[in-house]
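Below: one structure, written as structure tokens.
Indexing begins at 1, ligand by ligand and atom by atom, following the structure's order.
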Amino acid sequence: MVESKNQLYIGGEWVTPSTTNTIEVISPFTEEVIATVPEAAEGDVDRAVEAAQAALAGPYPQLSAEERADYLTKLSQAIGARAMELAETITAEMGSPASFSLMGQVFSATMILDGFANVTRTFPFEEHRAGALGPVLVRKESVGVSAGIVPWNVPLFEIACKLGPALAAGSPIILKPSPETPLDGYILAEILDEIGLPKGMVSLLPAGREVGEYLVRHPGIDKVTFTGSTAAGRKVGAICGEQLKRVTLELGGKSAAIILDDADLATHLPTLMPSALMNNGQACVAQTRILAPQGRYAEVVDAIAEAVKATSVGDPTDPSVLVGPLVAERQRDRVLSYIDKGTSEGAKLAVGGGRPAGLDKGWFVEPTLFVDVDNAMTIAQEEIFGPVLAVIPYSDEAEAVKIANDSDFGLSGSVWTTDVERGIDVARQVRTGTYGVNSMATIDIHQPFGGFKASGIGREFGAEGLAAFLETKTIVLPGDYQPPS
Ligand code: NAD
């Protein structure tokens, strides 16, 4: 199952790394090293870029849209065939609970690839149009060589977000997984071999931020697609701006779930709670600010407190567990420091706040609930990325929208109401890239997804996600030109 590796997958070949640097993958549950893999270095990036540039000349980028879509379908099916192994690997490397891994980590990735296969089959890659002076042909062509940098929280899902549109567009891609989660990428590389993807199209280079930055700056890269923290995204965006590289940035969030005064708590909370605590609270779209109407404040707080207390915590391989350990010791310490800050700034700790009883090993934090939170407090403004929720009171709907929008972020959000039209009206007013009305899924992985404000630039998924990997070319034709029928 989980085993050490000594090669890197570059341009579709298994090769000896350019250095002897290694990454130790540590189980967040046992705190023990479970595997060692090579850490890619600058020489490996150079080699991957060279292979990707060669692949641009063919054969893959010249395949028809239908043939490219067929590769995406084959890839999705081959991942599906190894879904359990992939889910178990991701649980082992980053602690995602088994109750979430299969669907949230693996089948969500195959669904992304299926979505891109469908979009590719119908996308207008060439369009004849009537121009100002005569007929024109508008073409959408591959953006060139792309680099995809992904975080550790949903590693295969994030790779699918980058690999799907790259293969759809015919763009060779160099993927850089996080050092915390390189193992699922090795299985993916085996799968890419298995489906016979033409050489050069994909390289997988697990490494840290310095090598990531070297990849972003590399003159052979035409487009960067980055998912990670807002701080790192600003840096990546600045480099791309300087070099005029195409860039997509999917960054942090601090989403607000607005419980309207007509909400039916018995129906809505069982749907809301998993989207607040999913993946151990390590989700960019987690609904971590819960806005409750003053008129029902005590009732909402009691119901949420009960749900948080009832959340099972423990061994992430146990299918009954909903919250496992955080990815790393530094992440656990970071989350605990936010809990201290919440208390010192005057929020009331209603549930949790420390290490769960009986779990002496593993980087656990109890599911934690702060109440009486003011939206100006640090725990309401900064992304904690752990199982920590804040309930904020509001007086009326207008104030709820104002609080939801009083954030540097604008990734996701949700509203909970018995009147769906009222919910849609609230959704129209909140400045975020994606929104749910009474829905656990605040994203749809076949439709555009991305952030307003500091949550990013650009969109993934759907036709918009494919367009982000394409350049547009206008070919002006003679006035009497007739397209072949
Ligand atoms: P991170 O920013 O520390 O790292 C993300 C990736 O970028 C890693 O592979 C890292 O090695 C690399 N990296 C970091 N600095 C870099 C630099 N200067 N140049 C090039 N590469 C660099 O984030 P993380 O802790 O791995 O992930 C958590 C963050 O990701 C959270 O903020 C979360 O909200 C965000 N996230 C966003 C989305 C989204 O779709 N918007 C999805 C998942 C996670």
Side-chain angles (χ1 to χ4, degrees), residues 23 39-40 42 45 93-94 96 104-105 108-109 112 147-162 174-182 184-185 204-218 221 224-240 242-243 245 247-255 278-288 326-328 330-332 334-335 338 382-386 407-413 432-434 442-445 448-461 465 468:
I23 294 170
E39 179 181 26
E42 294 181 358
V45 173
E93 61 189 347
M94 60 72 61
S96 183
Q105 301 278 8
S108 56
I112 291 170
I149 297 182
V150 297
W152 44 262
N153 65 323
V154 274
L156 186 69
F157 172 100
E158 286 301 338
I159 284 178
C161 292
K162 318 302 185 202
I174 298 157
L175 293 160
K176 191 203 78 62
S178 278
E180 290 83 358
T181 50
D184 60 286
L204 275 141
L205 301 179
R209 58 189 52 192
E210 287 79 16
V211 172
E213 199 166 315
Y214 180 79
L215 174 62
V216 170
R217 283 189 192 280
H218 202 292
I221 297 294
V224 177
T225 170
F226 173 89
T227 298
S229 60
T230 292
R234 285 187 205 281
K235 201 148 192 210
V236 168
I239 297 167
C240 292
E242 206 177 281
Q243 299 186 339
K245 279 180 179 158
V247 66
T248 303
L249 302 171
E250 293 288 348
L251 311 175
K254 190 76 195 178
S255 300
M278 74 172 128
N279 206 22
N280 313 335
Q282 299 165 133
C284 57
V285 293
Q287 307 293 300
T288 50
L326 299 181
V327 68
R330 66 155 207 288
Q331 186 70 11
R332 194 262 320 265
R334 193 181 123 97
V335 172
Y338 273 114
E382 295 187 11
E383 186 184 47
I384 299 175
F385 229 55
S407 172
D408 288 343
F409 298 107
L411 190 59
S412 165
T432 71
T434 184
T442 58
I443 67 173
D444 183 302
I445 54 185
F449 166 64
F452 282 31
K453 304 189 269 183
S455 289
I457 293 178
R459 293 293 178 268
E460 292 188 314
F461 309 147

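Close approach of ligand 1 to Glu250 (heavy-atom distance below 4.0 Å) involves ligand atoms 37 (C), 39 (C), 40 (O), 41 (N). For ligand 1, the atoms closer than 4.0 angstrom to any heavy atom of Val236 are 19 (N), 20 (C). Residue-ligand proximity, Asn153 to ligand 1, at heavy-atom distances under 4.0 Å covers atoms 43 (C), 44 (C). Each of the atoms 41 (N) of ligand 1 lies under 4.0 Å from some heavy atom of Leu411. Within the listing of ligand 1, atoms 40 (O) sit less than 4.0 angstrom from a heavy atom of Phe449. Annotation for ligand 1: atoms under 4.0 Å from non-hydrogen atoms of Glu383 are 31 (C), 32 (O), 33 (C), 34 (O). Annotation for ligand 1: atoms under 4.0 Å from non-hydrogen atoms of Gly208 are 11 (O).
Side chains of Lys254 and Ser407: no donor on one and acceptor on the other come within 3.5 Å. Side-chain contact annotation: Glu93 with Thr181, donor-acceptor N/O pair under 3.5 Å absent. Judged by distance alone, the side chains of Ser412 and Gln287 do bring a donor and an acceptor atom under 3.5 Å apart.
In this structure, Ile112 and Glu460 have side chains that are not in contact, with every pair of non-hydrogen atoms separated by 4.5 Å or more.
Around atom CD1 of Ile457, no more than 12 heavy atoms belonging to other residues, nucleotides or ligands sit under 6.0 Å away. At most 12 heavy atoms of other shown residues, nucleotides or ligands fall within 6.0 angstrom of atom NZ in Lys235.
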Self-check item: ring pair (Phe, Tyr, Trp, His ring centres under 6.0 Å) between Trp152 and Phe385, worked out
Solution: CA-CA 12 Å; Trp152 44 262; Phe385 229 55; 5.6 Å; yes
Quiz prompt | CA sep, side-chain torsions, deciding dist, call: Leu215, Ile221, side-chain contact (heavy atoms from CB on, under 4.5 Å) | solution = CA-CA 8 Å; Leu215 174 62; Ile221 297 294; 3.9 Å; yes
Practice problem: Could you check Lys453 against Ser455 for side-chain contact (heavy atoms from CB on, under 4.5 Å), going step by step and ending with a plain yes or no? | Solution: CA-CA 5 Å; Lys453 304 189 269 183; Ser455 289; 6.0 Å; no
Self-check item: CA sep, side-chain torsions, deciding dist, call: Glu213, Arg217, salt bridge (Lys or Arg N to Asp or Glu O under 4.0 Å)
Solution: CA-CA 6 Å; Glu213 199 166 315; Arg217 283 189 192 280; 3.4 Å; yes
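Distance check, rounded to the nearest 0.5 Å: OG of Ser96 to CD of Gln282 gives 8.5 Å. Summarising the geometry, atom OG1 belonging to Thr432 is positioned 13.5 Å from atom CZ belonging to Phe409; distances are rounded to the nearest 0.5 Å.
Note: no N/O pair closer than 3.5 Å links Arg330 and ligand 1 by distance alone. For ligand 1, the polar-atom distance check against Ser455 finds no nitrogen or oxygen pair separated by under 3.5 Å. Residue Lys235 has no nitrogen or oxygen atom sitting less than 3.5 Å from a nitrogen or oxygen atom of ligand 1, judged on distance alone. Note: no N/O pair closer than 3.5 Å links Thr227 and ligand 1 by distance alone.
Contacts between Val150 and ligand 1, counted as non-hydrogen atom pairs separated by less than 4.0 Å, involve the backbone only. Residue contacts with ligand 1, taken as heavy atom pairs separated by less than 4.0 Å, involve Leu251 solely via the backbone atoms N, CA, C and O.
Proximity annotation for atom 29 (C) of ligand 1: of Gly212, Gly228, Ala232, Gly228 comes nearest, heavy atoms only. Among Glu213, Arg209, Lys254, Gln282, the residue whose heavy atom lies closest to atom 15 (N) of ligand 1 is Arg209.
Annotation: atom 28 (C) of ligand 1 to nearest protein heavy atom, Phe385 CE2, 3.6 Å. Nearest protein heavy-atom neighbour of atom 24 (P) of ligand 1: Trp152 NE1, 3.4 Å. For atom 10 (C) of ligand 1, the nearest non-hydrogen atom of the protein is Lys176 NZ, 3.8 Å. Here the protein heavy atom with the shortest distance to atom 36 (N) of ligand 1 is Cys284 CB, 3.6 Å. Protein heavy atom closest to atom 2 (O) of ligand 1, with residue, atom name and distance, is Ser229 OG, 2.6 Å. Looking only at protein heavy atoms, the nearest one to atom 12 (C) of ligand 1 is Ile149 CG2, 3.6 Å. If you check which protein heavy atom lies closest to atom 27 (O) of ligand 1, you get Pro151 CB, 3.3 Å.
By the side-chain contact (heavy atoms from CB on, under 4.5 Å) test, Pro151 is found to be paired with Asn153, Glu158, Thr227, residues two or more places apart in sequence or in another chain being considered. Phe461 pairs by the ring-ring contact (aromatic ring centres under 6.0 Å, His included) definition with Phe449, not counting sequence neighbours.
Using a 4.0 angstrom heavy-atom cutoff, Glu158 counts as in contact with ligand 1.
When distances from atom 4 (O) of ligand 1 to the protein are checked, no heavy atom turns up under 4.0 Å.
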